[in-house]
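Everything below concerns the one structure shown next.
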Amino acid sequence: MMEQTMGKRLILLGAPGSGKGTWSKIISDGKGLPHIATGDLFRAELAAETPLGRKVKSFMDHGALVPDELTILLVEKALSDERAANGFVLDGFPRTIPQAEALTEFLEKCGQTIDMVINLIVDESGLIERTLSRLVCIKCGQPYNTMNMMPAVEGTCDYCGGDVVQRSDDTEETLRKRLEAYHASTAPLIDYYKERDLLVAFINDRPPNEEMRSRLFSMIDGVKGEA
Ligand code: AMP
């Protein structure tokens, strides 16, 4: 059953392929919080061939981070939507210290704060191989995996009927670059949020199961949030 988790503002942090998309979706569906994934937002801009989509294409194709100013504008727009007024799950943002600072500042202006940052811990050996096996629905973003989570009908999303494909940036070369970008620019956020007493670790060492789900939901329920 879906619960309402009013006022919870959550961030999922982790290396590429650590399960941010999968767990964000589980939290979003289970707790009734909108899922805001910058990667999905950028892919939608690309697909619609908007001016922003054209600007970010080469960064994404090469596994590089999109410049902060473009990314921050995109997220501020998504957070200004009334659907995000009562909480959200941020997936793939922030990815740099300036993005985290901009987020803190933006929320402060709205009288809001982040309630919890969930750091997904994975064994990085084999991460590239595991990530190369992932698939995604191009319509709703539902993640799948050729190893253990295939849609019932090959190539078709179980939830929305959209096409299930491999992401064009899930190549070995691009993944290596994304991992480098993670270690250089995103991993420092672990200390940033630790210092602010917001960080919790979640060991994501197997396909999602009920025990992991209830452990994570108890952690989320344990933070106060806003009424
Ligand atoms: P993801 O779907 O989260 O793996 O993101 C796919 C790509 O979108 C990344 O490799 C970056 O090129 C870009 N991207 C997504 N989120 C961000 C962000 N917060 N900052 C910069 N670039 C991002």
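If you read the sequence from its start, that first residue is 1, and numbering goes on from there. In listed order, ligands and their atoms are each counted from 1.
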Looking only at protein heavy atoms, which one is nearest to atom 7 (C) of ligand 1, and how far off is it?
M60 CE, 3.8 Å

Where S18 and L120 come nearest, the two heavy atoms and their spacing:
O-CD1, 3.8 Å

Could you check which of K177, K57, R95 puts a non-hydrogen atom nearest to atom 15 (C) of ligand 1?
R95

Proximal ligand 1 atoms for Q99, defined as those under 4.0 Å from one of its heavy atoms:
18 (C), 19 (N), 20 (N), 21 (C)

Atoms in ligand 1 flagged as close to R178, the criterion being non-hydrogen separation under 4.0 Å:
4 (O), 10 (O)

State, without any angle test, whether T174 and D169 hold a side-chain donor-acceptor pair at a distance under 3.5 Å.
no

Pairwise side-chain contact, T71 with F93, heavy-atom cut-off 4.5 Å (strictly under)
yes

Do any heavy atoms of H62 fall under 4.0 Å from ligand 1?
no

How far is atom 23 (C) of ligand 1 from its nearest protein heavy atom, and which residue and atom is that?
F42 CE1, 3.8 Å

Atom indices of ligand 1 within 4.0 angstrom of T71 heavy atoms, with elements:
18 (C), 19 (N), 20 (N), 21 (C)

Which atoms from ligand 1 have a heavy atom of R43 less than 4.0 Å away?
2 (O), 6 (C)

Identify, by atom number and element, the atoms of ligand 1 in contact range of T38, meaning under 4.0 Å from any of its heavy atoms.
15 (C), 16 (N), 17 (C), 19 (N)

Give me the nearest non-hydrogen protein atom to atom 12 (O) of ligand 1 as residue plus atom name, then the distance to 0.1 Å.
A64 O, 2.7 Å

Sub-4.0 Å atoms of ligand 1 with respect to non-hydrogen atoms of R167
1 (P), 2 (O), 4 (O), 6 (C)

Does ligand 1 come near enough to V66 that some N or O of the ligand is less than 3.5 Å from an N or O of the residue?
yes

Of all heavy-atom pairs linking L33 and S28, the shortest is O-OG, 2.8 Å

Measure the shortest side-chain to side-chain distance between L127 and D123 over non-hydrogen atoms and say whether it is less than 4.5 angstrom.
no

Could you walk me through whether E173 and K177 pass salt bridge (charged side-chain N to carboxylate O under 4.0 Å, His left out), step by step?
CA-CA 7 Å; E173 193 196 343; K177 299 237 177 73; 3.3 Å; yes

Can you see whether T104 engages Y192 through a side-chain donor-acceptor pair at a distance of less than 3.5 angstrom?
yes

Give yes or no for whether the N/O distance cutoff of 3.5 Å, strictly under, is met between G92 and ligand 1.
yes

Hey, does R213 have a side-chain heavy atom less than 4.5 Å from the side chain of W23?
yes

Minimal heavy-atom distance between A85 and R9, with the atoms involved, is O-NH2, 2.9 Å

Would D40 count as a polar contact of ligand 1, with the cut-off being nitrogen or oxygen pairs under 3.5 Å?
no

